[in-house]
Amino acid sequence: MAPKNPLLVDCDTGIDDALALLYLLGDPDLDLRAVTSVFGNTSAEAAAMNTLRVLELAGRPDVPVAVGADSSTRGTARFAPHVHGADGLGDTTLPAPAGAPSATPAAELIVRLAREHPGRLDLLALGPLTNLAAALRLDPELPRRVRQVTIMGGAIHHPGNVTPAAEANIDNDPESARLVLRAGWDVTLVPLDVTMTELLTERHRHRLAACGTPAARFAAGILRHYLDFYESTVFSRRVAACHDPLAAAIAAGDVSPVLAPAVAVDVDTGDGPGRGMTIADTRGQYRGFPAQDAAPVCVVLRTDGTFPDRLVERLSGATAASHDVA
Ligand code: BDR
Ligand code: CA
């Protein structure tokens, strides 16, 4: 089998970011080169510490973690403890990590790895796009150096989740999102249209809890918190969205979208009620999405809804490490 392309994950670790990392780390062939943190669910510093915790839990303390932007291009930052817990990991109180973040800032690490692996590096963005935008400013040639970019973010034909129009990752830094989506690289956008249809359930949590490995029990612990939030706030039944893990699986080539046209995507950066909205040109949907030239982004509009079973299967088989969760 051909070696997998090197991968850098940029995230705001967070419950679903942690599940995405555990999913990726469960693939022994995956070449995870680094994780960079960004503000969003928590501060960038806390996200880096959470990432180190997850990497150590999964037995991968060797993966470098770099701290990135602590606020948007406009200097704003709003965290989500009501969704992800005060610690960002569902208040599961994992011990402090043994390791520490690298001294290299996130954007510099992205540029460095892209130069070290010309045409081969894959980027997976699971938080606000501030670090990727900063990397584009550092190296305008970045779109030609990177193989593909997969982004969890946006809402195309679906309501937003932080405003009626905007999804959290895009809303946290619309200016950066606009820059990244229009940079001319090979982008796949995984919006709420699909992440809200791939649902984790109480049955999945039970299966993880029964598994007994520290990683699976940790996943069950953070999923409990996530299910509590989604049940009380979003669905009125005990299911939770599968945002970042689905984007990770699409980036890894494990999930093939049912419908993912290449269309132009823009972001509303105004100050009105549409701020942070992703506007995709899907007018060609009745003609089977004829080719579009302007900054096409592959927008995932439909998946088959079976991914959570595979996520839990992978996490139940995950080997890990020394830490345990009370
Ligand atoms: C996205 O926002 C964050 O809260 C999640 O981790 C996910 O990346 C969903 O809107
Ligand atoms: Ca995230």
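The structure presented is a predicted model; accordingly, all values stated were derived computationally and were not measured. When reading the values below, keep in mind they use all heavy atoms of this one structure, side chains included, and skip hydrogens, waters and symmetry mates. In listed order, ligands and their atoms are each counted from 1.
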### Query
Would you call Arg74 and Glu175 a salt bridge, using N to O less than 4.0 angstrom?
yes
#### Entry: Ionic contact status for Glu116 with Arg112, cut-off 4.0 Å
yes
### Query
Should the heavy atoms of other residues, nucleotides or ligands under 6.0 Å from CZ of Arg137 be counted, would the total exceed 12?
yes
### Query
Any ion pair linking Asp268 and Arg178 (charged N to carboxylate O, less than 4.0 Å)?
no
### Query
Looking at the Ca ion (ligand 2), which N/O/S atom of Asp12 is the nearest one?
OD1
### Task
Looking only at N, O or S atoms, find the one in Asp244 nearest to the Ca ion (ligand 2) and name it.
OD2
### Query
Can we say Arg145 and Asp139 salt-bridge, meaning some charged N sits less than 4.0 Å from an Asp/Glu carboxylate O?
yes
Go ahead and list the nitrogen or oxygen contacts between ligand 1 and the protein that come in under 3.5 Å, distances to 0.1 Å, or just say none.
from     : atom 1 : to     : atom 2 : distance (Å)
ligand 1 : 2 (O)  : Asn169 : OD1    : 3.3
ligand 1 : 4 (O)  : Asn41  : OD1    : 2.6
ligand 1 : 4 (O)  : His84  : NE2    : 3.2
ligand 1 : 6 (O)  : Asp16  : OD1    : 2.6
ligand 1 : 6 (O)  : Asp16  : OD2    : 3.2
ligand 1 : 6 (O)  : Asp17  : OD1    : 3.1
ligand 1 : 6 (O)  : Asn41  : ND2    : 3.0
ligand 1 : 6 (O)  : Asp244 : OD2    : 3.1
ligand 1 : 8 (O)  : Leu126 : O      : 2.9
ligand 1 : 8 (O)  : Asn169 : ND2    : 3.0
ligand 1 : 8 (O)  : Asp244 : OD1    : 2.7
ligand 1 : 8 (O)  : Asp244 : OD2    : 3.1
ligand 1 : 10 (O) : Asn161 : ND2    : 2.8
ligand 1 : 10 (O) : Glu167 : OE2    : 2.4

### Check ion pair Asp186-Arg147 (N to O, under 4.0 angstrom)
no
#### Entry: Metal site angle (apex the Ca ion (ligand 2)), OD2 from Asp17 and O from Leu126, 10 degrees
90°
#### Entry: Basic-acidic side-chain contact under 4.0 Å: Arg203, Asp309
yes
